[in-house]
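One structure is given below, encoded as structure tokens.
Lettering follows sequence order; numbering is per chain, from 1.
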Amino acid sequence: MLDIKRLRENPELIREGIARKNEKADIEAVLDVDKRRRDIIADVEQKKNTRNVVSQEIAQLKKAKEDADGKIAEMKVVSDSIKQLDEELRDLDATLREALLSLPNMCHESVPVGKSDADNVEIRSWSPEHVIGLTEEPEVPVLDHLELGKKHALLDFDRGAKLSGSGFPLYTGDGATLERALINFMIDVHRKEHGYREVFPPFIVNADSMYGTGQLPKMSEDMYHCTEDDLYLIPTAEVPITNMYRDEILDAEQVPSYFCGYSACFRREAGSYGKQTKGFLRVHQFNKVELVKFVKAESSYDELEALVANVEKILQLLEIPYRVRLLCTGDTSFSSAKTYDLEVWSPAEKAWLEASSCSNFEDFQARRANIRWRPQGPKSKPEFVHTLNGSGLATSRLMVALLENYQTPEGKIIVPEVLQPYTGFAMIG
RNA sequence: GGAGAGGUGGGUGAGUGGCUGAAACCAACGGUUUGCUAAACCGUCAUACUGGGAUAACUGGUAUCGAGGGUUCGAAUCCCUCCCUCUCCGCCA
């Protein structure tokens with residue numbers, strides 16, 4: 001959520017920022033509501049003041065056993081008027097809030113202006129010495145992750161579909177073990193080496209939490225909703241972890257705070273049928289280790305770089321080729337001010353697959369979720385924190401890259417060295 | 001699912017219609033005292049919105065005692081609805 005004051009003082013900048021994000025919004029309407037709201041506030045507060053003062057007088061008169069009927073009658077009229085104005089104000093408040101909630105975050109000045117994926121900028125890439133299809137041509141045809149999964153009975157998409165529907169992967173045997181190993185490995189690195197505190201969050205949350213991080217109201221189509229209890233399955237652990245501190249004021253020593261946590265992630269992916277739906281490339285349920293930071297405003301961009309580096313470290317340890325791209329304004333998500341995507345190499349697809357997205361939301365989420373901190377000393381005013389998060393990482397795309405990059409010419413799969421302590425085996429097949 | 005209890009400021013906790021934005025205590029912060037620590041004493045100690053002021057210092061007003069609605073000139077206090085927490089019983093990994 002944007003600060004209404006910012007909008008009041010600089011509507012042009014906001015208008016421009018919205019356009020750059022390929023979004024639409026009627027700024028004039030918002031400003032108009034804001035103006036009417038403030039007019040009514042001035043009016044109703046003055047009336048309330050009168051009521052408070054006169055009510056005191058009535059109390060005095062009654063105490064002195066004098067007649068107060070005239071004033072009481074007078075105040076009855078004022079009270080009715082207040083009631084009416086309060087009602088109008090409630091409506092305007094709701095309208096204004098709704099309008100503000102629908103405005104996207106502004107991109108940081110360092111974000112390249114652009115329309116789509118094509119305008120994203122590659123920042124750097126990394127790969128081990130030999131990469132199938134990238135630095136060396138394969139001697140034998142490469143198998144894709146589905147073929148590899150089938151060959152070694154690691155994945156069973158057919159039975160997953162029987163259980164739940166398409167897009168619900170079933171891991172079996174060494175595949176299940178490998179998945180669990182990946183999760184544990186990633187959490188351990190972030191926890192032990194990168195200073196994140198581990199949390200294991202609920203996977204189902206209420207609507208307030210979804211509003212807090214910005215999934216609602218815009219993305220409601222994309223989430224699984226338990227109507228009976230009005231609860232939502234989380235699309236990412238970002239939601240519960242960021243909302244831990246909703247409506248709280250953090251102490252100075254709690255900022256910055258870093259958290260990492262595993263969760264299953266649920267996405268309906270409504271309207272995306274036919275798009276890259278093969279195997280793991282687009283699923284309704286996947287596993288992800290999420291990183292979340294609560295930081296000071298002045299350091300949030302340094303924190304973003306550090307966050308990206310933390311995610312990169314995982315890929316380097318796993319020796320999986322990747323590249324880092326800075327998203328352009330048009331491709332940056334609704335709530336984000338600046339986003340880097342990390343993409344891993346798929347030899348079978350001959351394509352880079354998005355495996356992580358690291359964003360600085362500045363105070364956009366904090367304002368929605370009302371997460372503040374008290375800078376120092378008891379007299380200081382609370383300020384909104386800046387929130388960041390990044391996938392560190394999602395296992396589905398990572399598993400694709402891992403299986404495909406680690407396949408041998410014989411069709412076996414080598415387990416990356418760092419995962420072997422977690423799997424207990426070094427080779428599949 | 002059944003029965004009961006309860007939700008007040010950072011915490012404990014008083015408060016059943018007007019003098020309560022809210023006692024008291026604890027914590028925290030500033031200070032005095034002190035060789036240091038401790039103790040004692042004094043003071044400060046919510047947030048949001050809105051107006052004045054320079055988008056300062058400061059200052060006026062309004063709101064907030066789980067949420068929403070109602071009664072009343074006036075509600076933390078009375079009434080209704082909802083939410084949440086806790087305890088006991090049942091069921092259960």
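- Nucleotides U33(B) and A22(B) place their P atoms 33 Å apart, quoted to the nearest Å.
- At whole-Å resolution of the value, CD1 in Ile82(A) and C1' in G61(B) are 13 Å apart.
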Produce the list of close N/O pairs, under 3.5 Å, pairing protein atoms with atoms of nucleotides 15-20 of chain B; give distances to one decimal.
| from | atom 1 | to | atom 2 | distance (Å) |
| --- | --- | --- | --- | --- |
| G18(B) | N2 | Ser55(A) | O | 3.2 |
| C19(B) | N3 | Lys63(A) | NZ | 3.4 |

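- Residue contacts shown for Lys47(A) are absent, as no nucleic acid heavy atom lies under 4.0 Å away.
- The nearest whole Å value for the distance from the CD1 atom in Ile371(A) to the C1' atom in U47(B) is 17 Å.
- More than 12 heavy atoms of other residues, nucleotides or ligands shown are found within 6.0 angstrom of CD on Glu305(A).
- Counting only residues at least two apart or on different chains, the salt bridge (charged side-chain N to carboxylate O under 4.0 Å, His left out) pairs with a member in residues 184-195 of chain A are Asp188(A)-Arg191(A), Arg191(A)-Glu198(A).
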Steps toward side chain to side chain donor-acceptor pair (under 3.5 Å) verdict (Asn287(A), Glu179(A))
CA-CA 9 Å; Asn287(A) 297 308; Glu179(A) 175 76 0; 2.6 Å; yes

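- G7(B) and C82(B) are spaced 14 Å apart, taking the C1' atom of each and rounding to whole Å.
- One finds no side-chain N or O of Ser79(A) lying less than 4.0 angstrom from the OP1 or OP2 phosphate oxygen of U72(B).
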Which dot-bracket string fits RNA chain B when only Watson-Crick or G-U wobble pairs with both atom distances under 3.5 Å count, crossing pairs get [ ], and | stands for a partner on a different strand?
((((((((.[[[..)..(.....]]].(((((.......))))).(((((((.....))))))).[[[[[..)....]]]]])))))))....

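- Summarising the geometry of His152(A) relative to Lys412(A), their closest heavy-atom pair is NE2-CA, 4.1 Å, with the distance given to 0.1 Å.
- The nearest whole Å value for the distance from the CD atom in Glu253(A) to the C1' atom in C29(B) is 13 Å.
- In the set A63(B), C73(B), U71(B), the nucleotide with an atom closest to the side chain of Asn52(A) is A63(B).
- In this pair, Phe185(A) and Tyr422(A) present their aromatic rings perpendicular. The plane angle is above 60°, beyond the 30 to 60° band.
- Comparing the P positions of A75(B) and G17(B) gives an interatomic distance of 14 Å, to the nearest angstrom.
- In this model, the phosphate group of U62(B) is approached by a side-chain N or O of Asn49(A) to a distance below 4.0 Å at OP1 or OP2.
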Are there any protein N/O atoms within less than 3.5 Å of an N/O atom in nucleotides 75-79 of chain B, and if so, which ones and at what distance?
none

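- In this structure, Asp247(A) atom CG and C83(B) atom P are separated by 19 Å, rounded to whole Å.
- Remark: of the listed residues Val33(A), Asp91(A), Leu31(A), Val33(A) is the sole one forming a side-chain contact (heavy atoms from CB on, under 4.5 Å) with Leu96(A).
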Strictly under 4.0 angstrom, non-hydrogen atoms only: write out the protein contact profile of nucleotides 48-58 of chain B, one letter per nucleotide from the 5' end, B, S or -.
SSSS-------

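- With both ends at atom C1', the span from U32(B) to C84(B) equals 46 Å, rounded to whole Å.
- Residue-to-nucleotide proximity on RNA chain B shows that, of Val44(A) and Lys76(A), the 5′-proximal contact is made by Val44(A).
- A gap of 26 Å separates the P atoms of C58(B) and C42(B), to the nearest Å.
- Inter-residue side-chain proximity for Tyr406(A) and Leu148(A) is flagged as unmet; no heavy-atom pair is nearer than 4.5 Å.
- Taking the P atom of each, A23(B) and U16(B) are spaced 15 Å apart, rounded to whole Å.
- Aromatic rings of His108(A) and Tyr301(A) (six-membered ring for Trp) have centroids within the 6.0 Å cut-off, being under it.
- When all heavy atoms of Ala369(A) and Arg246(A) are compared, the closest pair comes out as O-CG, 3.2 Å.
- Classification of the Phe294(A)-Phe259(A) ring pair by plane angle, with boundaries at 30° and 60°, yields perpendicular.
- Atom CZ in Arg374(A) sits roughly 13 Å away from atom P in C45(B) (whole-Å rounding).
- Whole-Å rounding puts the Lys83(A) NZ to G74(B) C1' distance at 12 Å.
- Comparing G70(B) with G60(B), their C1' atoms are spaced 32 Å from each other, to the whole Å.
- For residues 382-395 of chain A, no pair satisfies salt bridge (charged side-chain N to carboxylate O under 4.0 Å, His left out), with sequence neighbours left out.
- Taking the six-membered ring for Trp and thresholds of 30 and 60 degrees, His284(A) and Phe168(A) have ring planes inclined between 30 and 60 degrees apart.
- At the heavy-atom level, Lys71(A) lies nowhere under 4.0 Å from the strands shown.
- Distance Asp208(A) CG to G66(B) P: 18 Å, rounded to the nearest Å.
- The main-chain N or O of Lys296(A) is never found under 3.5 Å from a side-chain atom of Ser300(A) such that the two would form a donor-acceptor pair.
- Comparing Ile249(A) and Gln46(A), the nucleotide of RNA chain B nearest to each residue sits closer to the 5' end for Ile249(A).
- When rounded to the nearest whole Å, the span between CG of Asp69(A) and P of U72(B) equals 15 Å.
- Around CZ of Arg159(A), the count of heavy atoms belonging to other residues, nucleotides or ligands within 6.0 Å does not exceed 12.
- Ring pair Phe200(A)/Phe203(A) is parallel by interplanar angle, where below 30° counts as parallel and above 60° as perpendicular.
- At the heavy-atom level, Asp251(A) lies nowhere under 4.0 Å from the strands shown.
- G53(B) and A38(B) are spaced 47 Å apart, taking the C1' atom of each and rounding to whole Å.
- Of the possible donor and acceptor atoms, none in the side chain of Arg325(A) sits under 3.5 Å from a partner among the backbone N and O of Val121(A).
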